[in-house]
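Shown next, in structure tokens, is the structure this report addresses.
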Amino acid sequence: MLDMKYIRENLEEAERRLGTRGGAACLDGFRALDDRRRSLLRESESLKAVKNAVSEEIGKVKDKSLVQDKIVEMREVSGRIKVLDDELKLVDDELQNFLLTVPNLPDPSTPLGLSENDNVEIRAWGTPGTFNFPAKPHWEIGEELGILDFECGAKLAGARFTLYRGAGARLERALINFMLDLHTGSHGYEEVLPPFMVNRESMTATGQLPKFEDYLFKMVDPEYFLIPTAEVPVTNIHRNEILKKSDLPICYAAYTPCFRREAGSYGKDTRGLIRQHQFNKVELVKFAHPAESAAELEKLTADAEKILQLLELPYRVMALCSGDIGFSAAKTYDIEVWLPGQSCFREISSCSTFGDFQARRGGIRFREDEKSKPEFVHTINGSGLAVGRTLVAVLENYQQDDGSVIIPAVLRPYMGGVERIS
RNA sequence: GGAGAGAUGGCCGAGUAGGUCGAAGGCGCUCGCCUGCUAAGCGAGUAUACUGGGAAACCGGUAUCGAGGGUUCGAAUCCCUCUCUCUCCGCCA
């Protein structure tokens, strides 16, 4: 959520910055609602001041018959207040609902552009390997090895679900453990294991709701939402808290499955593991001092990259342009891994800083000094990494001409010493 | 699922025959004083949000005692609904 005072005082600048996301940035109506709200508030509150003062006088008088006229008068004032407050509530709700659907302002360092074609490559690591045979896509490798069963996934649940078997299931688990061990052991993150379902408040704080309910899986009674990313529960750990400045940055790493409706992506990536309704991810989440958030985003991105480096998987880092960043993000780096079976780079991590956008929605604050006003922290998060897609990258980059797949050296301890799946 | 108990400020904990309670007291914390160190002691201060005024320091108003409604001139205190926590029983990975 954007700061109301900022919008009030910088309406045109806010519209211009939002406009860089593409589409019409429309803050029309904000000013009218805001003015209406404040005028109602002023009127209601001044009446309450009168009511409070008179009620206090009435309280001091023993014989209420002496103040009967005041009681009657206040009865009318109370009625008037009720009317004003009812309308205020309507205006307030409308204003809140409006603000909750306004996306974050792109950070000044976010490149301008309209689509993914305008994203900017920041750096690349590793060299795509060459194969003396036609490189296969992972779904062929996985099916031939009997470790990925797409048919059975469809039987059990439907399209975009997969059954992992044997070494495939173990490789997924190995990747999860490898990632968590690295981030907690070497990068300073605390491991957390959150609920995989959350309530509406949590989804609203991180920005999935109210605007993107269609993208989520939802339980109706009682109402719960399956998390689309661990970002949601982990960011909400500190919802409505005032953190100690000395504790910042707070860094969490969490493994969770993620559940996404993938509404609007019909026909896209229908083969293989790339786009599933359920997938595993290790997520990194930070709560940082505003002055440190830019640097923390760089560090977090580097932490995610380290996984690919140790797995020796080639990748590139892209700065998403203003038209391609997510609703809540101010700045995003995508890490894209090389997939030889499909001859393309595919997103395997998305690392973003949200500025105070999520913190304001969630009431996550800190104090600069003991006596100063609480300020909003900045939240930062990124995949470290998407596990299913990492498995895809391992299968495709480490495939051999005999159909087997070499296990990267760093994963072998997690695979019971297995060096090759064949 | 059944039966009970509870939810107050950073923490602990008073306050329910409605009335000056944003809320006693204690702890913690901050700033001063004092003690040549440490401990103790003394004094003052110590919530948040919105809103009005002001360049600012700051001053005023309103709201908040789990959440939301209601009764009342007036509610932490009464009524209703919901959420969460705890205890016991049942069931269960």
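It should be emphasised that the depicted structure is a prediction, and the values quoted were computed from it without experimental measurement. Naming convention: chains lettered A, B, ... in sequence-line order (proteins, then strands); numbering from 1 in each chain.
- Atom pair A/Leu88:CG and B/U51:C1' shows a separation of 11 Å (rounding to whole Å applied).
- Listed by chain and residue number, A/Arg38 satisfy the salt bridge (Lys or Arg N to Asp or Glu O under 4.0 Å) test with A/Asp35 (two or more places apart in sequence, or in another chain).
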- Starting from the C-alpha separation in whole Å, work towards a yes-or-no answer on ring-ring contact (aromatic ring centres under 6.0 Å, His included) for A/Phe217 and A/Phe196. CA-CA 11 Å; A/Phe217 284 109; A/Phe196 301 160; over 10 Å; no
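- Note: A/Glu172 CD to A/Leu273 CG = 7.5 Å, rounded to the nearest 0.5 Å.
- Residues meeting the side-chain contact (heavy atoms from CB on, under 4.5 Å) test with A/Lys136, sequence neighbours left out: A/Glu140, A/Ile141, A/Glu144, A/Gln399.
- Backbone-only contact: A/Lys5 has heavy atoms under 4.0 Å from sugar-phosphate atoms and none from a base.
- Mapping A/Ser372 and A/Met4 onto RNA chain B by nearest heavy atom places A/Ser372 at the nucleotide closer to the 5' end.
- A sub-4.0 Å separation between OP1 or OP2 of B/U48 and a side-chain N or O of A/Arg365 is absent.
- Comparing the same atom, C1', in B/U77 and in B/U72 gives a spacing of 13 Å after rounding to whole Å.
- The distance between atom CD of A/Glu201 and atom P of B/G66, rounded to the nearest whole Å, is 18 Å.
- The shortest distance between the side-chain N/O atoms of A/Arg367 and the OP1/OP2 oxygens of B/U48 is below 4.0 Å.
- Remark: the separation of the P atoms in B/A75 and B/G32 is 42 Å, to the nearest Å.
- Sorted by residue number, the members of residues 41-59 of chain A with any non-hydrogen atom under 4.0 Å from RNA chain B read A/Leu41, A/Arg42, A/Glu45, A/Lys48, A/Ala49, A/Asn52, A/Ser55, A/Glu56, A/Ile58, A/Gly59.
- Applying the side chain to side chain donor-acceptor pair (under 3.5 Å) rule to A/Lys211 yields no partners; only residues at least two apart in sequence or on another chain are considered.
- Annotation: of the two residues near RNA chain B, A/Ile242 and A/Arg8, the 5′-most nearest-nucleotide partner is A/Ile242.
- B/U8 and B/A47 have their C1' atoms separated by 13 Å, given to the nearest Å.
- Residue A/Asp3 contributes atom CG, which lies 10 Å from atom P of B/U51 at whole-angstrom precision.
- Atom pair A/Arg360:CZ and B/A49:C1' shows a separation of 13 Å (rounding to whole Å applied).
- Side chain of A/Lys64, nearest nucleotide from B/U20, B/A49, B/G19: B/G19.
- Using C1' as the reference atom, B/G54 and B/C65 are 33 Å apart when rounded to the nearest Å.
- Per the geometry, CD belonging to A/Glu241 stands 11 Å off P belonging to B/C11, to the nearest Å.
- Looking at residues 65-87 of chain A, you'll see A/Ile71, A/Met74, A/Arg75, A/Ser78, A/Lys82 sit with a heavy atom under 4.0 Å from some atom of RNA chain B.
- Per the geometry, NZ belonging to A/Lys373 stands 14 Å off C1' belonging to B/A57, to the nearest Å.
- Distance noted for atom P between B/G4 and B/U81: 14 Å (whole Å).
- One atom, CG of A/Asn199, and another, C1' of B/A67, lie 13 Å apart when rounded to the nearest Å.
- Tested against A/His238, the residues A/Phe366, A/Phe376, A/Tyr252 include a single ring-ring contact (aromatic ring centres under 6.0 Å, His included) partner, A/Tyr252.
- Shown here are the side-chain contact (heavy atoms from CB on, under 4.5 Å) partners of A/Arg173, two or more places apart in sequence or in another chain: A/Arg170, A/Asn177.
- Atom name C1', nucleotides B/C42 and B/A55: the rounded distance is 40 Å, in whole Å.
- Applying the side chain to side chain donor-acceptor pair (under 3.5 Å) criterion to A/Arg420, with sequence neighbours excluded, gives A/Ser404.
- For A/His378, the ring-ring contact (aromatic ring centres under 6.0 Å, His included) test picks out no residue, with sequence neighbours left out.
- Taking A/Glu73 as the reference, nothing meets the side-chain contact (heavy atoms from CB on, under 4.5 Å) condition, with sequence neighbours excluded.
- For A/Asn240, the side-chain contact (heavy atoms from CB on, under 4.5 Å) test picks out no residue, with sequence neighbours left out.
- Comparing B/C21 with B/G13, their C1' atoms are spaced 16 Å from each other, to the whole Å.
- Using a 4.0 Å cut-off between a side-chain N of Lys or Arg and a carboxylate O of Asp or Glu, A/Lys82 and A/Asp86 qualify as a salt bridge.
- Between B/C50 and B/C33, the two C1' atoms lie 39 Å apart (nearest whole Å).
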- Item | Dot-bracket encoding per residue of RNA chain B, Watson-Crick/G-U cut-off under 3.5 Å, | denoting interstrand | ((((((((.[[[..)...(.....]]]((((((.......))))))(((((((....))))))).[[[[[..)....]]]]])))))))....
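- Of the listed nucleotides (B/A49, B/U20, B/C50), B/U20 has the atom at the smallest distance from the side chain of A/Lys60.
- Rounded to whole Å, the distance from CG on A/Asn240 to C1' on B/C84 is 15 Å.
- Under the ring-ring contact (aromatic ring centres under 6.0 Å, His included) criterion, A/Phe30 pairs with no residue at all, not counting sequence neighbours.
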